[in-house]
There are 2 protein chains.
Amino acid sequence: MARAASTKGPTRIQREKTEAILEAALEVFATYGYRGSTLDQIAAKSGISKPNILYYFDGKETIHAKLLARLLETWLEPLEHLSDAGDPVDEICAYVGRKLAMSRDYPRESRLFANEVLQGAPRILDELAGPLKTLTDKKSALIQSWINAGKIKAIDPHHLIFSIWATTQHYADFDVQVRAVLSDKADARFEQAAEFLDTMYRATLTP
Amino acid sequence: MARAASTKGPTRIQREKTEAILEAALEVFATYGYRGSTLDQIAAKSGISKPNILYYFDGKETIHAKLLARLLETWLEPLEHLSDAGDPVDEICAYVGRKLAMSRDYPRESRLFANEVLQGAPRILDELAGPLKTLTDKKSALIQSWINAGKIKAIDPHHLIFSIWATTQHYADFDVQVRAVLSDKADARFEQAAEFLDTMYRATLTP
DNA sequence: GTCTATACTGTGATAGAC
DNA sequence: GTCTATCACAGTATAGAC
């Protein structure tokens, strides 16, 4: 691994190059998936030569793993913030808003994740069956408690969460299709989506 | 192209081999995307040698194009059936049901489409901006007329359609994740989804 | 019509000069 | 630490025997 001989850790140049490689790799992996991506593409996009990339990372697999690890750190955060502090309907709608904002601000991360899951999640299946399932079960229990208290309508909590993931990530993963269909009105797609989703989930949840 | 010298069209063997190739290719392309797939994988899965595959198809690109063409034929059918014959809410919920059934019965086709759009739809962008946009606009107008007549609640028709695509295709495209999260209850996922989606869209649409 | 053998290109990775 | 040159292999595709 790249590491200065001193005890001071990576130099500024090292950090910058590592960042440039990961930035370019995110773009490429998000577009072509793991197998469809090449080091040549990452080299071209980052402006760093192929051998130099392999000086900073052990190989293609390592770069991809690093990106996935980073992604998973932040991916579950919006759901973790779902709490019983405020009004249940508002809480869930706020979660929808946070998730939609992530699709708007981090579309490449969303597509990287989509590619991975679409291909059978070979590298993150443990994360899905472990941490993701645990968190989802916990939040489903919270939603169920709201149902039992009569604060929201009776729906299946797990499938409610699936539908939120699906509708919000759709605007990142299928962006090309959304823009093709909306054409001249495409610029306002996230504002329109925010309003539509808020309406739909309020109608679905308000008792 | 493979074609018998006679005027009788493809022989039985030719049809069978062509079908076997397309069947295997669908599996492979749906899993790895276009660039991530190889003729070796298709050859291994179909039991037909690589040169023999290239006797029946001009190349990798041609096989993929054939699969996409087939897909697009049937993909829009459920939406085309949306008509103003019955009760608007029932009509839309029936459409949701048809779309969910397609995710259950043709998950590979759904993933093939998802891979293509995720990668920027380089080979079907014209289809999206043309026929798909035309159909979507037409059905959005129908939905808008229901809104104007006070038969359903006022929501954005285009984004309603997006949400239906997202929620239903999610059960094909993110199947691994859905099963990982539901674990022991995963077998009933489509029945649960059908009920949840019916509840959600009735709540969203019923005035 | 189908197979074996092979040409040619792209890809991940390494060696060694600087 | 970074580059040029290059390797070994896998990928698509073709030629030609049968």
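Throughout, protein chains are lettered first and strands after them, A, B, ... in sequence-line order, and every chain is numbered starting at 1.
Take A:Phe29 and apply the ring pair (Phe, Tyr, Trp, His ring centres under 6.0 Å) test, not counting sequence neighbours, and it matches A:Tyr34, A:His64.
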Evaluation steps, salt bridge (charged side-chain N to carboxylate O under 4.0 Å, His left out), between B:Arg70 and B:Glu19: CA-CA 12 Å; B:Arg70 274 197 185 188; B:Glu19 223 25 70; 3.0 Å; yes
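For the salt bridge (Lys or Arg N to Asp or Glu O under 4.0 Å) test with A:Glu116, the passing option among A:Arg111, A:Arg123, A:Arg35 is A:Arg123; the others fail.
When atom types are taken as modelled, the side chain of B:Arg108 and the backbone of B:Glu27 share no donor-acceptor pair closer than 3.5 angstrom.
Separating the CD1 atom of B:Ile53 from the P atom of C:dG1 is a distance of 18 Å, rounded to the nearest angstrom.
The number of heavy atoms from other shown groups lying within 6.0 Å of NZ (A:Lys133) is above 12.
Between B:Ser163 and B:Tyr201, the side chains place a donor N or O and an acceptor N or O closer than 3.5 Å (distance only, hydrogens not considered). A donor and an acceptor atom, one from each side chain of A:Asp137 and A:His158, are located under 3.5 Å apart.
Five base pairs at each end of the helix from C:dG1-D:dC18 to C:dC18-D:dG1 define two local axes, and these are offset by 10° (rounded to 10°).
The cationic group of A:Lys153 does not satisfy the cation-pi geometry with A:Trp146, failing either the under 6.0 Å distance to the six-membered ring centre or the 45° limit from the ring axis.
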Annotated protein contacts, base or backbone, on nucleotides 2-18 of chain C with a non-hydrogen cut-off under 4.0 Å, one of B, S, - each: BSBB-----SBBB----
